Structure formats: structure tokens, C-alpha cells
Amino acid sequence: MCNEAARRISLGQIREDWSQLKIPLVFPEGAPNMAPLDSIRITDPTVIIRAAASDAPGTAPGTAPGTALTAELVTRRWSWPIGGAAGNKPLYNFRSEGRRFANSASGGRCLIPVDGFYEFTAPTEPGQKRKTKWLFTPAPGGPLAGDYLCIAGLWRTHPDVGEAFTMLTCDPGPDVAPYHSRQVVLMPRSAWADWIAGHVPSGDLIAPAAPGSLVVTPV
């Protein structure tokens, strides 16, 4: 399961991409610090993109199909604690199968922009003690081609940590399957708006990454 990612993309590039989609991107908490991060780990903060809330207090983002969409970029913690028998373990990945994801005033869909994500396998070299670390980035000219990836996620308001997000997972595509039995859900640019708006059923948008989507590099 993905427990580490990298984010080096600039705020200017993200703004340009949403401008090309003709969707306003706003910063309700001010422009975030986008210093390059080679390693984002569970409980670290990073930026997410979601549908902006309505001006009317207490209403959900993306209030109705056909409503003009505005996206907002905010910084939130990766994972929220889950209690009970789990002992407050962090929920950083969440299975997407058999579930429906919608937007509300206290949670909903989001995108997590990253340059790449990491997975780990058993040692690949003789005498190697640590696991081998692999970096997955968008393949030039592939189905996810671009300067960065957008991972589909959920955000929610948690009583202990406030607003936080988790990454959705699904069966792995052929680029990921040799390294892990699951993969984070990667949204192509053509689906960014539909995902955060919340009107298209989540099951229609979630799928393993197509062949040739990712370049895999040992770290």
C-alpha cells in the first residue's frame, strides 16, 4: 500500500493546468508553501484539491449538476486515526471496491497532486538487507502523461485531527502489479473535474492504471 509520495510540482503549474480546464482554482487559506518534497509520509501535510464549498453556510461542495465548478487547493494531513480494535492506527489508504463516494459539508472527494509515489518490495540484490524502493511517475506520452499525477482521495473532518485525507486504492494495473497487489487510484486529467464535482458515480471513474501509464524507477 502506498505510504510515501514525492511532490515537487510548482503551484504555478497546478494553476495553469486548472486554467486550461477552464475551472477556477482558489486558495481559501492563502497560497500554500509548495517547497519541493522528496518524501511525504503518513501524517505529513500536503496539498489537496477539492470542490469549493458553496457560499451558503452548511452546504456541500458541488451542490447540483450543471452548477459552475470552482476548485480549491488547501493543505491537509495525510491520514486520520481510526480507533477501536485498530488502536488509533492511521487510515492512509482506503479500498474503493463496492463503495460510493460523494461530497458533503464534512467530507468528500479530493485529488492529491504528486510527482510520484513509492512502493517497496523484497530485496532484489544479493546481500541487500533493506527492501527495494521503487518510484512510480507518469510515462511520457502515456494515458497519465503530464508533469505530475493526481491520486483520487477522500477528505473528512475528524474530531481529533480536523480535516484530513486518505488515498483510494483499487486492483493494480499491469505497471504496478509486479510490485504490489494494490495501487492508488490515479485520475487522468480528463476526469479531474468529474471526480471532485461528485456528480459522476465514483465507480464510473475508478479503474486500475492502463498499461504504459507509469515509469518505474528503483530508488
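What you are looking at is a predicted structure, and each value in this text was computed from that prediction instead of being measured.
Shown here for Cys110 and Phe165, the closest heavy-atom pair between the two residues is SG-CB, 4.2 Å. Minimum interatomic distance between Ala51 and Ile196 (heavy atoms only, all atoms of both residues): CB-O, 3.5 Å. Arg130 and Gln128 make their closest contact through O-NE2, 2.8 Å (heavy atoms, listed as atom of the first residue, atom of the second, distance). Here the closest heavy-atom approach between residue Pro174 and residue Pro178 is recorded as O-CD, 3.3 Å. The minimum heavy-atom distance between Tyr118 and Val219, with the atom names listed, is CE2-CG2, 3.9 Å. Residues Pro138 and Asp115 share a closest heavy-atom pair of CD-O, 3.6 Å.
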For Met167 and Phe94, what are the C-alpha separation, side-chain angles and deciding distance, and is it a side chain to side chain contact (heavy atoms under 4.5 Å, CB included)? CA-CA 6 Å; Met167 296 180 180; Phe94 193 72; over 6 Å; no
Residue pair Thr43, Trp78: steps toward the side chain to side chain donor-acceptor pair (under 3.5 Å) verdict: CA-CA 5 Å; Thr43 75; Trp78 180 8; over 6 Å; no
Pair Thr75, Glu29 - check side chain to side chain contact (heavy atoms under 4.5 Å, CB included), show working. CA-CA 9 Å; Thr75 299; Glu29 298 165 1; 5.5 Å; no
Give the intermediate values and the outcome of side chain to side chain contact (heavy atoms under 4.5 Å, CB included) for residues Leu214 and Val176. CA-CA 8 Å; Leu214 299 165; Val176 180; 3.7 Å; yes
Could you go through the side chain to side chain contact (heavy atoms under 4.5 Å, CB included) check for Asp194 and His199 one step at a time? CA-CA 7 Å; Asp194 285 338; His199 307 316; over 6 Å; no
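If you take CG on Leu69 and CH2 on Trp18, they are separated by 7.0 Å, rounding to the nearest 0.5 Å. Note that CD1 of Ile151 and CG of Leu111 are 10.0 Å apart. Values are rounded to the nearest 0.5 Å. Rounding to the nearest 0.5 Å gives a distance of 12.0 Å between OG1 of Thr46 and CZ of Arg76. Annotation: the span from Ile82 atom CD1 to Lys89 atom NZ amounts to 8.0 Å, rounded to 0.5 Å. A distance of 7.5 Å separates CD1 in Ile48 from CH2 in Trp155, rounded to the nearest 0.5 Å. Atom CG in Leu205 sits 5.0 Å away from atom CE in Met187 (nearest 0.5 Å).
A donor-acceptor pair is defined here as one N or O able to donate and one able to accept, closer than 3.5 Å; such a pair exists between the side chain of Ser96 and the backbone of Thr169. In this structure, the side chain of Glu4 does not engage the main chain of Glu119 through any donor-acceptor pair within 3.5 Å. Checking side-chain atoms of Ser79 against main-chain N and O of Tyr92 turns up no donor-acceptor pair under 3.5 Å. Checked by atom type and distance alone, the side chain of Asn103 never pairs as donor or acceptor with a backbone atom of Gly108 at under 3.5 Å. Not one N or O on the side chain of Arg15 forms a donor-acceptor pair closer than 3.5 Å with the backbone of Ser10. Side-chain N or O atoms of Asn93 include one that pairs as donor or acceptor with a backbone N or O of Cys2 at under 3.5 Å. A donor-acceptor pair under 3.5 Å is absent between the side-chain atoms of Arg7 and the main chain of Pro36, judged by distance alone. Between the side chain of His158 and the backbone N or O of Pro81, at least one donor-acceptor pair lies under 3.5 Å. Using a distance-only test at 3.5 Å, with no hydrogens or angles considered, no donor-acceptor pair links the side chain of Gln183 to the main chain of Cys170. Although no hydrogens or angles enter the test, the distance criterion places no donor-acceptor pair under 3.5 Å between the side chain of Arg77 and the main chain of Ala164.
Val47 places a side-chain heavy atom less than 4.5 Å from the side chain of Pro113. The shortest side-chain heavy-atom distance between Thr70 and Ile23 does not fall under the 4.5 Å cut-off. Between Pro32 and Val74, every side-chain heavy-atom pair lies at or beyond the 4.5 Å cut-off. Within the 4.5 Å cutoff, the side chain of Leu25 has no heavy atoms near those of the Ser19 side chain. Within the 4.5 Å cutoff, the side chain of Pro201 has no heavy atoms near those of the Arg100 side chain. Inter-residue side-chain proximity for Leu37 and Asp44 is flagged as unmet; no heavy-atom pair is nearer than 4.5 Å. Between Trp195 and Val200 there is no side-chain heavy-atom pair separated by less than 4.5 Å.
Note on Val215: it does not cluster hydrophobically with Val184, by side-chain heavy-atom contacts below 4.5 Å among ILVMFWY residues. Under the 4.5 Å side-chain heavy-atom criterion for grouping Ile, Leu, Val, Met, Phe, Trp and Tyr, Val26 is not connected to Ile49 through any hydrophobic cluster. Under a hydrophobic-cluster definition in which Ile, Leu, Val, Met, Phe, Trp and Tyr are linked whenever side-chain heavy atoms come within less than 4.5 Å, directly or via other members, Phe120 and Val216 are assigned to different clusters.
Residues passing the ring pair (Phe, Tyr, Trp, His ring centres under 6.0 Å) test with Tyr148, sequence neighbours excluded: Trp192.
Aromatic ring centroids of Phe136 and Tyr179 lie under 6.0 Å apart.
Within a 6.0 Å radius of CZ in Arg99, more than 12 heavy atoms belonging to other residues, nucleotides or ligands are found. The environment of Lys133 atom NZ is dense: over 12 non-hydrogen atoms of other residues, nucleotides or ligands sit within 6.0 angstrom.
Arg41 and Ser39 are linked by a side-chain donor-acceptor pair at a separation below 3.5 angstrom, with hydrogens and angles left out of the test. In the model, Trp134 has no side-chain atom that pairs as donor or acceptor with a side-chain atom of Thr217 under 3.5 Å.
When each of Leu186, Asn3, Leu135, Thr137 is checked for a side chain to side chain contact (heavy atoms under 4.5 Å, CB included) with Phe117, only Leu186 meets the rule.
The pair Arg50-Glu72 meets the salt-bridge criterion, with a side-chain N (NZ, NE, NH1 or NH2) lying under 4.0 Å from an Asp/Glu carboxylate O. Looking at Glu97 and Arg182, a side-chain N of the basic residue comes within less than 4.0 Å of a carboxylate O on the acidic one, giving a salt bridge.
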